[in-house]
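To start, the structure under review is shown below, and the notes come after it.
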Amino acid sequence: MTIQEKIKGSEALMLALKDEGVKTIFGYPGGSIMPVYDALYDYTRGEKKAFDHILVRHEQAAAHAAEGYARVSGEVGVCIVTSGPGATNTLTGIADAMMDSTPIVVIAGQVGIGVLGTDAFQEVDLVGVAQPICKWSYQIRHASDIAWAVSRAFYIARSGRPGPVVLDLPRNAQVETVDYEQKKVDFVRSYVAYPELNQDALQQAAAIINQAERPLALVGQGIELGNAQDELVEFLEKADIPAARTMLGLSALPSNHPLCVGMLGMHGNFAPNIKEQECDVLIAIGMRFSDRVTGNLNTYAKQAKVIHLDIDKSEIDKNVKTTVALVADCKQSLPALTRLIEKRDHCQWCESFKPLYEREFERVIKPALMPAEGPLLMGEVVNAVAQATKGENITVTDVGQNQLFATRYSQFMQKRSIVTSGGLGTMGFGVPAAVGATFGAPDREVVCFCGDGGFQMNIQELGTIMEQQSPVKMVILNNHYLGNVRQWQDMFWQRRKSFTKMLNPCYELIAQGYGIPYTAVVDRKDLKAAVEKMLAASGPFILECAILEEDNILPMTPPGKSVDEMQLSL
């Protein structure tokens, strides 16, 4: 599309975003981005309407909301902020998106190029600061570069291994005039978004799988990012391979699938952690062998041949030495591998997981979900929600014990149903990410689990929820502690609870202030009715649950230990 009449750079940005299919923008205005916000005025209403703009209450929340939107929609999340502190406030969200391969584009205002380097008011070298924690950071110095830079930004953000991109937009580029012409970037020299699948490696991997007696698949978020959920099921079922999921990959395979054997990791399920040390072939698909999955690398899966499928070559051999690597999009590599593997029956191997699960059920799961007496436990609250939603909801979590209980005891029946901060572990992520999720998947129920600590880190976003009537169902698991740190203090620091006890506000009064319906649960006999009331609400809702102060998340692989040293009790 070509426009004959010259337009300002700020309007060129609107057209470039429209050309990329953007529908929702999260942001916060300020001095250096004001021309863009003036252009947004026309493009969020009337004949030119192209976007919904969601005014957040803090720029960190804008980035997290963009992440939540991206994670559930599969599209690129977008946020717009001003320069200086507005831009630096997004850095936590940018780093979080980089660690978790979430495609977002952050557009930040900047002082005009004529005063760059003079320490002008609210000037920060955003390109330099952001470069180590994003896929690409770029300063658009002139309006004539806007169309190209935006198209390139979206191509880089969404292609290959997705991730965040930062565009720094000086004020002069926003007010200069330009003849706008749409640019389409689908190639960047030296950037190979989709590596070509090595056929020799493919043959080797198939041969190893065909000879395996005890294969185990480790399923990560790469399956969801590559939209290869169906291809994964076909692969697993043909070779009868049990599969464990990483935290970010929980909805890549339905929780009730017969070959699903639980969650990997420090607080994952007992059986897959033990079986990692017994399998003869380990097939890692779209996961990065995080330290929270592997435990002690010196003892991790030394008996197994390792096949690693990943789109990012830098992940190969980074932590775990591979026997064969398939570097390609899993949407391509999985079906290619499936065609070469033989139909197998690993019934005896699959059955060997069950006694370990039963042991975990009796010692950990049953006491967590069906306590006979005493205060409420986090696990039973999460389970009550899972039972009521039948696992069809989107589960969003903050970080801490709430995250670990929520991921262990939620059910995931649909794809793109888990939104959590994995690699960076960002407290304060939950509420704004849940807001983003309601816009990314408006037809689905969004339930956000928070601890009392993380909830307060971005509590101002209740204002965003109030204004938008964003139907986030917020469950506060209140134990008056920074629970995860407190548990580690009890286990490894001689129970010296150094500054983890919290004096909390009255959440009921806070909910009233924001006009959000609220219910508190102290007694478990009231839990089911309270959850039903929350889910029946058409808009937002806060459910506060009074949790046993020293509720502990188990099982646990202690730091530095082998995965088969996982403890079922403290």
Side-chain angles (χ1 to χ4, degrees), residues 1 3 7-29 33 35-56 59 61-82 87 90 93-94 97 102-109 134-138 140 143 145-159 162-169 173-174 178 180-186 225 416 432-433 435-443 464 468 470:
M1 172 180 124
I3 295 180
I7 59 174
K8 288 183 179 181
S10 55
E11 186 170 0
L13 177 63
M14 299 298 103
L15 296 178
L17 293 174
K18 185 178 177 181
D19 288 340
E20 292 299 328
V22 174
K23 296 291 190 296
T24 305
I25 297 169
F26 304 91
Y28 202 96
I33 198 68
V36 166
Y37 267 85
D38 185 66
L40 261 175
Y41 185 88
D42 290 329
Y43 281 83
T44 53
R45 69 199 72 212
E47 293 182 0
K48 288 185 177 181
K49 179 174 169 57
F51 316 114
D52 290 317
H53 178 273
I54 313 306
L55 177 66
V56 297
E59 294 89 353
H64 291 327
E67 287 187 272
Y69 179 93
R71 294 271 279 272
V72 301
S73 69
E75 303 295 331
V76 178
V78 178
C79 68
I80 299 178
V81 298
T82 194
T90 68
I94 293 167
T102 305
I104 65 171
V105 171
V106 176
I107 301 168
C134 68
K135 285 187 75 175
W136 184 52
S137 61
Y138 182 75
I140 307 174
D145 292 330
I146 287 175
W148 167 83
V150 169
S151 182
R152 180 180 167 116
F154 275 78
Y155 172 68
I156 291 173
R158 65 163 63 100
S159 63
V165 170
V166 175
L167 293 177
D168 194 41
L169 188 60
Q174 301 174 49
V178 64
Y180 180 79
E181 182 178 353
Q182 181 182 1
K183 305 290 185 183
K184 186 64 178 176
V185 175
D186 56 12
L225 297 175
R416 295 189 177 275
V435 172
T438 64
F439 287 94
D443 57 333
T464 306
Q468 300 295 331
S470 181

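Note: hydrogens, waters and symmetry copies are ignored here, and every other heavy atom, side chains too, is used.
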Examine distances only and state if a side-chain atom of Gln174 and a backbone atom of Gly9 form a donor-acceptor pair shorter than 3.5 Å.
no
Given side chains that start at C-beta, do those of Ile94 and Val106 come closer than 4.5 Å, heavy atoms only?
yes
Nearest heavy-atom approach of Asp186 to Tyr155 is O-OH, 3.3 Å
Answer yes or no: is there an ion pair linking Arg158 with Glu20, defined by an N-O contact shorter than 4.0 Å?
yes
Ring centroids only, cut at 6.0 angstrom: are His53 and Tyr43 within range, meaning strictly under it?
no
Looking at every heavy atom in both Gly77 and Ala70, which two are closest together, and how far apart are they?
N-CB, 3.8 Å
Heavy-atom nearest pair, Ala12 first then Val178, reads CB-CG1, 4.1 Å
Assess whether ring pair (Phe, Tyr, Trp, His ring centres under 6.0 Å) is satisfied between Trp148 and Tyr138, documenting all intermediate values.
CA-CA 12 Å; Trp148 167 83; Tyr138 182 75; 5.4 Å; yes
Minimum heavy-atom separation for Val76 and Tyr69, please, with both atom names.
O-CE2, 4.1 Å
Checking the side chain of Gln182 only, and the main-chain atoms of Ala147 only, is there a donor and an acceptor separated by less than 3.5 Å?
no
If you compare all heavy atoms of Gly93 against all heavy atoms of Ile104, which two are closest, and at what distance to 0.1 Å?
O-CD1, 4.3 Å
Looking at every non-hydrogen atom in both residues, tell me the closest pair between Arg416 and Leu225 and how far apart they are.
NH2-CA, 4.1 Å
Okay, side chain of Lys135, backbone of Ile156: is any donor-acceptor separation there less than 3.5 Å?
yes
